[in-house]
Amino acid sequence: YDVLREENAMLRRVVRSMQSSWESQACTVRRLERQLKASLAKEKREAQELQSFVQRTEWSLQLMTQRALEAESNVEKLKQEIFILQGELESSKMENENLKAGQTTDLGAVKHNIDFALQNLHKVITSANWSIRQLASGAESLHFVAEVLKSTGKISEV
């Protein structure tokens with residue numbers, strides 16, 4: 001009977017020890033689960049922030065591309081206007097030479113042509129200056145986007 005009592009006491013100690021060990025392991029599991037959840041939430045936030053950044057960058061790139069295309073279109077229009085004005089300038093030069101040679105022409109028409117050519121030349125110059133500023137702005141923006149994308153690449157590598 002005493003042997004059974006001792007064996008029973010020993011088994012109770014083993015059971016208590018195992019329960020204590022189990023409780024300790026359960027606490028460790030709960031702590032690790034909390035850490036895992038926090039880590040997953042942090043990674044999710046970072047992924048969302050990165051995606052948002054990429055979307056903003058893509059939008060900026062599209063906007064800058066659109067502005068660059070518009071500027072190129074304006075440059076083409078200005079080239080056409082310059083070509084037309086050069087023709088008018090040549091015509092005015094020929095009329096001027098004819099006047100110097102003593103041929104009679106309508107001075108009012110010549111003055112009108114010169115005034116018209118000057119007005120168009122001023123318009124072309126103003127438009128060209130605007131287009132140049134737009135192109136410079138677009139180039140600066142594209143450079144900025146390139147730097148941002150380079151940084152994004154480095155961030156994604158990390």
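Every heavy atom of this structure was used, including side-chain atoms; hydrogens, water molecules and symmetry mates were not. Counting begins at 1 with the first residue of the sequence.
Residues Ser17 and Arg13 have side chains not in contact (no heavy-atom distance under 4.5 Å, counting atoms from C-beta outward). The shortest side-chain heavy-atom distance between Glu88 and Ile84 falls under the 4.5 Å cut-off.
One distance of note links CG of Asn120 with CD1 of Ile125; it measures 11.0 Å at 0.5 Å rounding. Atoms CD and CG, on Glu46 and Leu50 in that order, are 9.0 Å from each other to the nearest 0.5 Å. Rounded to the nearest 0.5 Å, atoms NZ (Lys44) and OG (Ser39) are 13.5 Å apart. To the nearest 0.5 Å, the span separating CD on Glu58 from CD on Gln62 amounts to 7.0 Å. In this structure, CG in Asn129 is found 9.5 Å from CG in Leu78, a value given to the nearest 0.5 Å. Distance CD/Glu70 to CD/Gln134: 8.0 Å, rounded to 0.5 Å.
Counting heavy atoms of neighbouring residues, nucleotides and ligands inside a 6.0 Å radius, atom CZ of Phe53 exceeds 12 of them. Within a 6.0 Å sphere centred on CD of Gln48, other residues, nucleotides and ligands contribute more than 12 heavy atoms.
The side chain to side chain donor-acceptor pair (under 3.5 Å) search around Arg56 returns Ser52, not counting sequence neighbours. Scored by the salt bridge (charged side-chain N to carboxylate O under 4.0 Å, His left out) test, Asp2 finds no partners at all (sequence neighbours excluded). For Ser137, the side chain to side chain donor-acceptor pair (under 3.5 Å) criterion is met by Arg67, not counting sequence neighbours.
Each of Leu118 and Val124 belongs to its own hydrophobic cluster when Ile, Leu, Val, Met, Phe, Trp and Tyr are linked at side-chain heavy-atom distances under 4.5 angstrom. Hydrophobic clustering, with ILVMFWY side chains joined whenever heavy atoms are under 4.5 angstrom apart, keeps Leu121 apart from Leu89.
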request  = Report the C-alpha distance between Glu72 and Glu76 in whole Å, list the side-chain angles of each, state the deciding distance to 0.1 Å, and finish with yes or no for side chain to side chain contact (heavy atoms under 4.5 Å, CB included).
outcome  = CA-CA 6 Å; Glu72 286 177 3; Glu76 281 300 315; 6.0 Å; no
task = Show your reasoning for whether side chain to side chain contact (heavy atoms under 4.5 Å, CB included) applies to Thr28 and Arg31.
result = CA-CA 5 Å; Thr28 302; Arg31 181 180 48 81; 3.6 Å; yes
task = Please test His122 against Gln119 for side chain to side chain contact (heavy atoms under 4.5 Å, CB included), starting from the C-alpha separation and ending with a verdict.
result = CA-CA 5 Å; His122 285 296; Gln119 287 174 353; 5.8 Å; no
key: side chain to side chain contact (heavy atoms under 4.5 Å, CB included) between Arg5 and Asn8, intermediate numbers included   = CA-CA 5 Å; Arg5 193 178 280 169; Asn8 197 12; 5.6 Å; no
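Closest of all the heavy-atom pairs between Ala117 and Leu85 is O-CD2, 4.0 Å. Minimum interatomic distance between Asn74 and Ser131 (heavy atoms only, all atoms of both residues): CB-OG, 3.3 Å.
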